[in-house]
Amino acid sequence: MPNIFNAMGGGRLWGSLFFLFMCFAALTTLIAVIENIMTFFMDLTGCSRQKAAVGNFIGILVLSLPCAFGFNLWKAVQPLGAGSTILDLEDFILSNNLLPLGSLVFLFFCTCRYGWGWDGFYKEACTGKGLPYPKAARWYVTYGLPVIVLIVFVGGYLSR
């Protein structure tokens with residue numbers, strides 16, 4: 001009977017290439033994310049790229065410490081009750097609060113007159129080639145999506 005686990009020729013080569021390419025994908029994504037943070041910091045403060053790099057390095061280093069210490073030095077800290085960790089708290093803050101509320105702010109910015117407004121959003125969304133944004137989606141984006149996001153936000157608290 002043939003061994004199905006050795007059926008692929010050069011499996012170690014292909015496996016090594018897979019993980020090498022995954023490293024490249026992670027690195028390029030990291031560069032893109034950090035570049036956005038750098039540009040925001042430079043635009044906000046008007047400082048040079050070198051100063052922004054130093055400031056962001058220190059900030060990211062300090063803000064990463066709870067994640068790094070969560071399973072060793074600070075493993076006794078259980079912020080959400082017995083059995084929870086620092087990462088559970090960070091996940092709760094991000095997933096249950098910042099992401100839904102951020103999407104709500106984004107929706108209101110795109111649809112309310114105090115932000116970009118629907119007309120500005122629609123004009124920008126229809127710029128360029130391709131299918132235009134459906135004008136009939138205005139009600140859904142203005143009223144339907146905020147209700148759905150609020151249901152997700154409240155549901156995140158009720159499921160705890």
Side-chain angles (χ1 to χ4, degrees), residues 18-19 21-71 73-75 77-160:
F18 172 78
F19 286 107
F21 294 144
M22 286 297 292
C23 287
F24 288 145
L27 182 64
T28 56
T29 302
L30 182 65
I31 290 170
V33 169
I34 290 178
E35 180 59 29
N36 284 330
I37 295 170
M38 291 280 293
T39 304
F40 174 77
F41 193 77
M42 290 186 315
D43 289 346
L44 187 67
T45 62
C47 67
S48 68
R49 180 169 283 278
Q50 288 78 18
K51 288 182 181 177
V54 170
N56 282 309
F57 174 76
I58 293 168
I60 291 172
L61 182 69
V62 169
L63 292 172
S64 298
L65 289 178
C67 182
F69 292 156
F71 287 108
L73 295 176
W74 296 349
K75 67 181 174 190
V77 177
Q78 300 178 352
L80 298 177
S84 68
T85 64
I86 300 285
L87 286 177
D88 292 330
L89 175 65
E90 290 176 351
D91 178 57
F92 172 74
I93 291 170
L94 183 70
S95 299
N96 290 28
N97 296 294
L98 295 179
L99 288 175
L101 293 177
S103 64
L104 215 83
V105 168
F106 182 73
L107 281 168
F108 289 145
F109 176 78
C110 288
T111 57
C112 294
R113 63 186 168 135
Y114 300 109
W116 203 358
W118 176 260
D119 294 331
F121 165 74
Y122 186 77
K123 181 181 172 192
E124 182 68 25
C126 293
T127 301
K129 296 180 181 177
L131 294 174
Y133 194 80
K135 206 164 194 135
R138 181 177 185 169
W139 187 91
Y140 176 70
V141 172
T142 305
Y143 303 107
L145 283 179
V147 169
I148 292 171
V149 170
L150 281 174
I151 290 170
V152 169
F153 178 69
V154 172
Y157 278 94
L158 295 178
S159 68
R160 284 202 141 291

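Quick note: numbers below take in every heavy atom, side chains included, and nothing from hydrogens, waters or symmetry partners.
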Backbone of [Y] reached by a side-chain donor or acceptor of [X] within 3.5 Å:
X      : Y      : result
Asp43  : Phe40  : no
Asp91  : Leu87  : no
Ser84  : Gly81  : yes
Ser95  : Phe92  : no
Thr142 : Trp139 : no

Using side-chain heavy atoms (C-beta onward) and a distance below 4.5 Å, is [X] in contact with [Y]?
X      : Y     : answer
Phe153 : Leu99 : no
Val77  : Pro79 : yes
Leu44  : Phe41 : no

Would Phe106 and Cys110 satisfy side-chain contact (heavy atoms from CB on, under 4.5 Å), going step by step from the backbone distance to the final call?
-> CA-CA 6 Å; Phe106 182 73; Cys110 288; 3.9 Å; yes

Grab the two heavy atoms, one from [X] and one from [Y], that are nearest each other, plus how far apart they are.
X      : Y      : value
Glu35  : Arg49  : OE2-NH2, 2.9 Å
Pro146 : Tyr140 : CD-O, 4.4 Å
Glu90  : Pro66  : OE2-CB, 3.5 Å
Ala25  : Thr28  : O-OG1, 3.0 Å
Leu107 : Leu145 : CD1-CB, 3.7 Å

Distance, nearest 0.5 Å, that separates [atom1] of [X] from [atom2] of [Y]:
X      : Y      : atom1 : atom2 : value
Asn36  : Ile31  : CG    : CD1   : 12.5 Å
Leu104 : Ile148 : CG    : CD1   : 11.5 Å
Ile86  : Lys75  : CD1   : NZ    : 13.5 Å
Phe69  : Thr85  : CZ    : OG1   : 15.0 Å
Met42  : Ile37  : CE    : CD1   : 12.5 Å
Leu63  : Ile58  : CG    : CD1   : 11.5 Å

When you look at Tyr133 and Phe121, which way does the side-chain contact (heavy atoms from CB on, under 4.5 Å) test go after all the steps?
-> CA-CA 10 Å; Tyr133 194 80; Phe121 165 74; 3.8 Å; yes

After noting the C-alpha distance and the side-chain angles of Trp116 and Glu124, does the key distance pass the side-chain contact (heavy atoms from CB on, under 4.5 Å) rule?
-> CA-CA 10 Å; Trp116 203 358; Glu124 182 68 25; 3.4 Å; yes

CA sep, side-chain torsions, deciding dist, call: Ile34, Asn56, side-chain contact (heavy atoms from CB on, under 4.5 Å) | CA-CA 9 Å; Ile34 290 178; Asn56 282 309; over 6 Å; no

